[in-house]
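These notes concern the structure reproduced below.
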2 protein chains.
Amino acid sequence: MTLNRRLAATATNLLPEHKPPGSRGQILEAALKLFAERGYAGASIREIAAAAGVKPATIYAHYPSKEHLLAELCRIGHEEQYRSVHAALLNCGANSCDQIVAYVQAHVGMHTTFPMLAVVANAELHALSAELGTTTFALRQQSEQMLVDIIQRGVNNDVFDVQHVWLAVAVIGGMGLRVAYWYSPEYELSAKQVADTYAEYALRILAASPLNHGPTR
Amino acid sequence: MTLNRRLAATATNLLPEHKPPGSRGQILEAALKLFAERGYAGASIREIAAAAGVKPATIYAHYPSKEHLLAELCRIGHEEQYRSVHAALLNCGANSCDQIVAYVQAHVGMHTTFPMLAVVANAELHALSAELGTTTFALRQQSEQMLVDIIQRGVNNDVFDVQHVWLAVAVIGGMGLRVAYWYSPEYELSAKQVADTYAEYALRILAASPLNHGPTR
DNA sequence: GTCTATATGAAGATAGAC
DNA sequence: GTCTATCTTCATATAGAC
C-alpha cells in the first residue's frame with residue numbers, strides 16, 4: 001500500500017468550461033484524478049473507465065488513445081495557467097513590482113485552485129509526444145516568457161536587482177509549481193494568504209534594496 | 001516520440017559508494033537512469049535489464065522486485081541529501097544566515113551533482129510502499145526538520161522575518177528540488193554559481209531588512 | 001549468478017452487437 | 001454511444017538448467 005500521496009488535493013476542481021458534457025467529461029475528469037495521483041504511466045485505461053463509470057471500450061468512443069487524454073489535460077492546464085497570468089497582467093499597470101505581484105498571485109492561485117491540472121500539466125509533460133503536445137508546449141513557453149519579460153524589464157530599469165534573470169525565473173516559477181503538491185483547502189492558510197506571501201517572497205528575491213548591495217555581491 | 005526530456009541531465013553520476021559491485025551495480029544504475037527519465041511506472045524490468053546488459057531474470061537474483069530497486073534508489077538519494085546538509089551545518093557556526101547559506105548551498109549542490117537521484121527520490125516517492133519506504137521517509141523528515149529549525153531559530157532571534165515559517169521552508173526547499181530538473185553540466189553557470197545565487201535568494205526571502213517592514217505587511 | 005523458457009496477469013486497443 | 005468479448009502485446013516474476 002502507498003501511504004504517500006503525490007499531492008494533497010483530492011478533488012479535480014474542473015470547471016464546467018473545462019469539462020465536456022456527459023461521459024466524455026466523466027472520463028476526462030477520472031483521467032485527471034488518476035494521472036495526478038499515480039502518474040500517466042501508472043494509471044490504466046481500465047481504472048480510468050471504472051472511475052468514470054463506463055467500460056474501457058467506451059473511452060475509445062471519445063478519445064482515440066490514452067495519450068490523447070493526457071494531451072487534452074495538459075492543454076487545459078497550460079491554457080488555464082496562461083489565461084490566469086495573462087489576465088492578471090492586463091489588470092495592472094507598468095510598475096514592475098505590481099507586475100510581479102500580479103503574476104505570482106495569479107500563478108500561485110492557479111496552482112491552489114487547480115492542483116491536479118497543474119501537477120499533470122507539468123509532471124507528466126515528458127510523456128507527451130511532440131505531435132500531441134504542440135499547443136501545450138507553445139502555451140508553456142508563452143507563460144514563462146511573460147515572467148522573463150517582467151523581470152528583465154525590472155532589471156533594465158533598476159527596479160530589480162538580480163544578476164541572472166533566468167535563475168530568478170526558475171525560482172519564482174518553480175515555487176508556484178510546488179504549491180500544487182502540498183496545498184489543499186484544509187491547509188491552515190487560505191489560498192489568498194499563500195499567494196500573497198509568495199508574491200512578497202518574489203519581491204524580496206527581486207527587489208533592489210540597500211541590504212542587497214553588500215560586499216558579498 | 002517524446003522530445004521533452006523530464007530532466008536535463010544525462011548521466012547518473014552515481015559514486016562508487018552508492019553503487020554495488022558487478023551486475024548489481026549496473027542494474028541499480030540502469031534503473032536510476034530509466035526511473036529518472038520515464039518514471040517508475042514508465043520503465044520496465046526488460047528495459048532496465050537491457051540497459052544494464054543482463055537478462056530480465058538476472059535482476060531478480062539481486063533485487064526481489066522492481067519496487068525494491070526504487071526503494072534502494074530513494075534511500076540512497078535521501079541519504080545523500082541528508083548527509084550533505086547535515087555535514088554543511090556541522091561546518092558552520094551559530095549564525096542563522098550562515099546556516100541558511102550552508103544549508104541551501106549543500107541542498108542545491110546535491111541537486112546539481114546527483115540530479116537523477118534527486119528526481120527519483122522525490123518525484124517517484126509516491127510509488128513507494130510504507131513498508132519499503134521507512135528509512136527514506138525518516139530521512140526526508142529529518143532533512144526538512146533541519147531547515148524548519150534553522151528558520152524558526154532565526155525568526156525567534158529576529159534575524160529572519162517571515163510570518164509563516166512553513167511557507168518559507170516550502171519555498172526554499174522546493175527551489176532546490178527544482179534545480180534537479182533543469183541543471184546540467186552544459187548550463188552556462190557553474191553548479192557553484194547556481195548554489196551561491198540560490199543561497200542569496202534564500203537570504204533575501206528570510207532576512208529582516210528595513211524594506212521588509214513597509215506598510216504592506 | 002546468469003541464462004532460456006515460461007507462467008500469469010494486465011496493459012492498450014479493436015470488432016461488432018445493440 | 002455503450003456494451004461484451006477479445007486480440008495482441010507487454011508487464012512482473014518464477015522455474016530450473018548450467
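First the proteins, then the strands, lettered A, B, ... as listed; each starts at 1.
In this structure, A:Ser23 reaches the D:dT2 phosphate: one of its side-chain N or O atoms is under 4.0 Å from OP1 or OP2. For the OP1/OP2 pair of C:dG12 and a distance below 4.0 Å, the side-chain nitrogens and oxygens of A:Lys66 include at least one atom meeting the criterion. Phosphate proximity of D:dC3 to A:Thr58: present, with a side-chain N or O under 4.0 Å from OP1 or OP2. The side chain of B:Tyr60 places an N or O atom within less than 4.0 Å of a non-bridging phosphate oxygen (OP1 or OP2) of D:dA13.
Salt bridge present: A:Glu200 and A:Arg204 bring a charged side-chain N and a carboxylate O closer than 4.0 Å. Salt-bridge formation is detected for the pair A:Arg75/A:Glu79: a Lys NZ or Arg NE/NH1/NH2 atom is positioned less than 4.0 Å from an Asp or Glu carboxylate oxygen.
What separates CD1 of A:Ile45 from C1' of D:dC7 is a distance of 16 Å, to the nearest Å. One interatomic measurement links the two molecules: CD1 of B:Ile59 to C1' of D:dT14, which rounds to 14 Å at whole-angstrom precision. The nearest whole Å value for the distance from the CD atom in A:Glu67 to the C1' atom in C:dG12 is 12 Å. What separates CD1 of A:Ile48 from C1' of C:dG12 is a distance of 11 Å, to the nearest Å. Rounded to an integer number of Å, the gap from B:Ile27 CD1 to C:dG1 P is 10 Å. Computed from coordinates, the B:Glu47 CD to D:dA11 C1' distance equals 11 Å when rounded to whole Å. Regarding A:Tyr63, its OH atom lies at a distance of 19 Å from the C1' atom of C:dT14, rounded to whole Å. Put simply, CZ on A:Arg46 is 15 Å from P on D:dC10, counting in whole angstrom units.
Ring geometry for B:Tyr187 versus A:Trp166: interplanar angle of 30 to 60°, hence tilted. Below 30°, between 30° and 60°, or above 60°: for A:Tyr198 and A:Trp182 the angle between ring planes is between 30° and 60°, a tilted geometry.
With rounding to the nearest 0.5 Å, the separation of OG1 in A:Thr112 from CG in A:Leu189 is 11.5 Å.
Within 4.0 Å (heavy atoms only), B:Ala49 reaches no atom of the nucleic acid at all. Looking at heavy-atom distances under 4.0 Å, B:Ala52 makes no contact with the nucleic acid at all.
When the nucleotides D:dT4, C:dT4, C:dG12 are ranked by their closest atom to the side chain of A:Ser44, C:dG12 comes out on top. Considering only the side chain of B:His62, C:dT2 comes nearest among D:dC3, D:dT2, C:dT2. For B:Ala61, the side-chain atoms get nearest to C:dT2 when compared with the rest of D:dT2, C:dC3, C:dT2.
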